[in-house]
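Written out below as structure tokens is the structure these notes cover.
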Amino acid sequence: MKKLLILGAGTAGTMVANHLSRRLEDDWKITLVDQHETHHYQPGFLFIPFGIYGKRDVIKPQRDFVPPGVEFIVSPIEVIEPERNRVRLTKEGRYLDYDFVVIATGAHIRPDQTPGLAEHEWHKSIHDFYTLEGALALARHLRAWPGGRLVVNVVDNPIKCPVAPLEFLMLADWFFRERGMRDRVELIYATPLSGAFTKPIAAKHLGSLLEEKGIQVVPDFLIERVAPDAKKIVSYDEQEVEYDLLVSVPLNMGDEVIARSGLGDSLNYVAVDKHTFVSPTHPNMFALGDAAALPTSKAGSVAHFAVECFAENFVRYADGLEMLHKFDGHANCFIESGFGKGLLIDFNYDVEPLPGRYPLPGIGPFTLLQESEANHWGKLMFRWMYWHLLLKGKELPLPALMSMAGKWQNN
Amino acid sequence: MTTRMISGKTVQVNEEGFLLSPDEWTKEIAIEIAKEEGIPELTPAHWKVIEWCRQNATNGRSPTLRQITAGTGISTKEMFALFPKGPAKKVAHIAGLGKPEGCV
């Protein structure tokens, strides 16, 4: 019996279990481990602060997505021991041996890494929307908030879903306008990057979007600390930005088990080949999804496309054959821009987001780098696709590798 | 995409003057770009950072500031003193690596 062990049952891990349980023969045993019983639809967190989604829209029992024949163990993971091809679980100190291991333990926010952030004002005047609890607390806060300076601050990159902070601001502009209080709200985006848009073509097409919505950008702002009582954020070069409500995107890091196992970089991400996801040090180890140190976005769409490439490759690899598919870093993200509209971006390791039309039989085309109502509905429809098709490894009409079809190349 | 002459060598650069190919980089180019970035002289501390970044660049991308401070032992405050205003971006520029950027 050959053993495949999957660590983490988020988007990537759950998809790997589903794709491979169908592809691998009966002489394989697949085990999936996660510390939680429930699965969160993380892209939905963005909508919770504005009352568009509630808790029940983004949470389901993990067991609904575990395919027959796959063992599902609920336990934290103590340590990965690649030299001995085994993993020790926290629960009962149990050991799990493997022939192959897939690390899909994700990335988490770490507000503890910024002084002043997660102290006595946390979830009072300082909030996050990258956790379910954080998004729900922020929703409660916004319902009664009288207005003032709302500052969105990204602590450092890389972060999960890098467009979410911009989406949050654009939805906030819509939300406060709908409530007739936009004139009492200042919206400020403090980012460590040199601007809200850093890719030349996206910057050209979207550069004016934030200005039109009255969102101020504070570029090159690398936060050192929060002064929670003075209600200001302070950068390493002594810039200060005052706030009444701080919505922080804290530092993102890979899981602590990666650090405990000595497998990560300084942010606990696992180095792997960017086309095949194989570890350069352990040929029977892979990392997928947000846990992997890849030069593309940490996003569900990347996990989705990556797993499709990986699943086909793995069956050959386990038989000692060459891997045929090379992942290209493909990402495909709807960006909410408020007022029932959205944008769509589609890119990979080599091609930056381009304008044009994204073809999708029956439903599309969707406009690329340009607002449309169809993009907004595409984003909302995606939740249904996620629960019913994507996690279960069913066929979606989206190609895993990026295509240039519909994209305009003279920009 | 354009080319420009830096320290007697023709290299390919993007609109903001970042080298497109890290292989075209030389120490002389670094000294020249540092001057344009407002750093008149590169001290051993500057070079330590630049060389560490070049050794630890993945796929031509400069490491993040957090990776640089963890890897070199130089604090973030010192990084701001060495490369004022946006040290990650300045180091990337001087070291001939890609600009730190988001997905859009």
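Here the structure is a predicted model, which is why all the values come from computation and not from measurement. Sequence lines set the chain letters: A, B, ... in the order given, protein chains first and strands last, and positions in each chain run from 1. Basis for what follows: all heavy atoms, side chains included, without hydrogens, waters or symmetry-related copies.
For B/Lys89, the part sitting under 4.5 Å from any heavy atom of chain A is the side chain, from C-beta outward, and nothing else. Of the two parts of A/Phe347, only the side chain, counted from C-beta on, holds a non-hydrogen atom closer than 4.5 Å to a non-hydrogen atom of chain B. In this structure, the portion of A/Asn157 lying under 4.5 Å from any heavy atom of chain B is its backbone and not its side chain. Heavy atoms of A/Ile159 lying under 4.5 Å from chain B are absent altogether. Contact of A/Ala196 with chain B is made through the backbone alone, with heavy-atom distances under 4.5 Å. Contact annotation for A/Ser266: only side-chain heavy atoms (C-beta onward) come within less than 4.5 Å of a heavy atom of chain B. Interface remark: A/Leu267 contributes side-chain atoms only to the contact with chain B (heavy atom separation under 4.5 Å). Heavy-atom distances place no part of A/Gln239 under 4.5 Å from chain B, backbone and side chain included.
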Determine, step by step, whether A/Thr198 and B/Lys99 satisfy the side chain to side chain contact (heavy atoms under 4.5 Å, CB included) criterion, reporting the C-alpha distance in whole Å, the side-chain angles of both residues, the deciding distance to 0.1 Å, and the verdict. CA-CA 9 Å; A/Thr198 50; B/Lys99 184 180 84 162; 4.2 Å; yes
With salt bridge (Lys or Arg N to Asp or Glu O under 4.0 Å) as the test, would you mind laying out the steps for A/Glu238 and B/Lys77 before giving the verdict? CA-CA 10 Å; A/Glu238 310 297 335; B/Lys77 280 277 186 208; 2.7 Å; yes
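The environment of NZ in A/Lys341 is sparse: at most 12 heavy-atom neighbours from other residues, nucleotides or ligands sit within 6.0 Å. Taking a 6.0 Å sphere around CD of B/Glu51, one finds it holds more than 12 heavy atoms contributed by other residues, nucleotides or ligands. The neighbour count for A/Arg225 CZ, taken as heavy atoms of other residues, nucleotides or ligands under 6.0 Å away, does not exceed 12. B/Lys9 NZ: more than 12 foreign heavy atoms inside a 6.0 Å radius.
Options B/Ala70, B/Pro100, B/Cys103 differ in how many heavy-atom pairs under 4.5 Å they form with chain A, and the most are formed by B/Cys103. For the set A/Asp156, A/Asp220, A/Ile345, the count of heavy-atom pairs under 4.5 angstrom toward chain B peaks at A/Asp156.
The heavy-atom pair separating A/Pro353 from B/Val104 by the smallest distance is CG-CG1, 4.2 Å. Closest approach of A/Lys199 and B/Gly102 over heavy atoms only: CE-O, 3.2 Å. The two residues B/Arg66 and A/Val155 come nearest to each other via the heavy atoms NH2-CG1, 3.9 Å.
For A/Ser403, the side chain to side chain contact (heavy atoms under 4.5 Å, CB included) criterion is met by A/Ala405, not counting sequence neighbours.
To the nearest 0.5 Å, the span separating NZ on B/Lys85 from CG on A/Asp237 amounts to 7.5 Å. In this structure, the separation between CD on B/Gln67 and OH on A/Tyr269 is 10.0 Å, given to the nearest 0.5 Å. Atom-to-atom distance recorded for B/Glu101:CD and A/Glu352:CD is 7.5 Å, nearest 0.5 angstrom. For the atom pair CE (B/Met79) and CG (A/Leu222), the distance works out to 10.5 Å, reported to the nearest 0.5 Å. Rounded to the nearest 0.5 angstrom, B/Thr64 OG1 and A/Leu251 CG are separated by 8.5 Å. If you take CD on B/Glu16 and OG on A/Ser194, they are separated by 6.0 Å, rounding to the nearest 0.5 Å.
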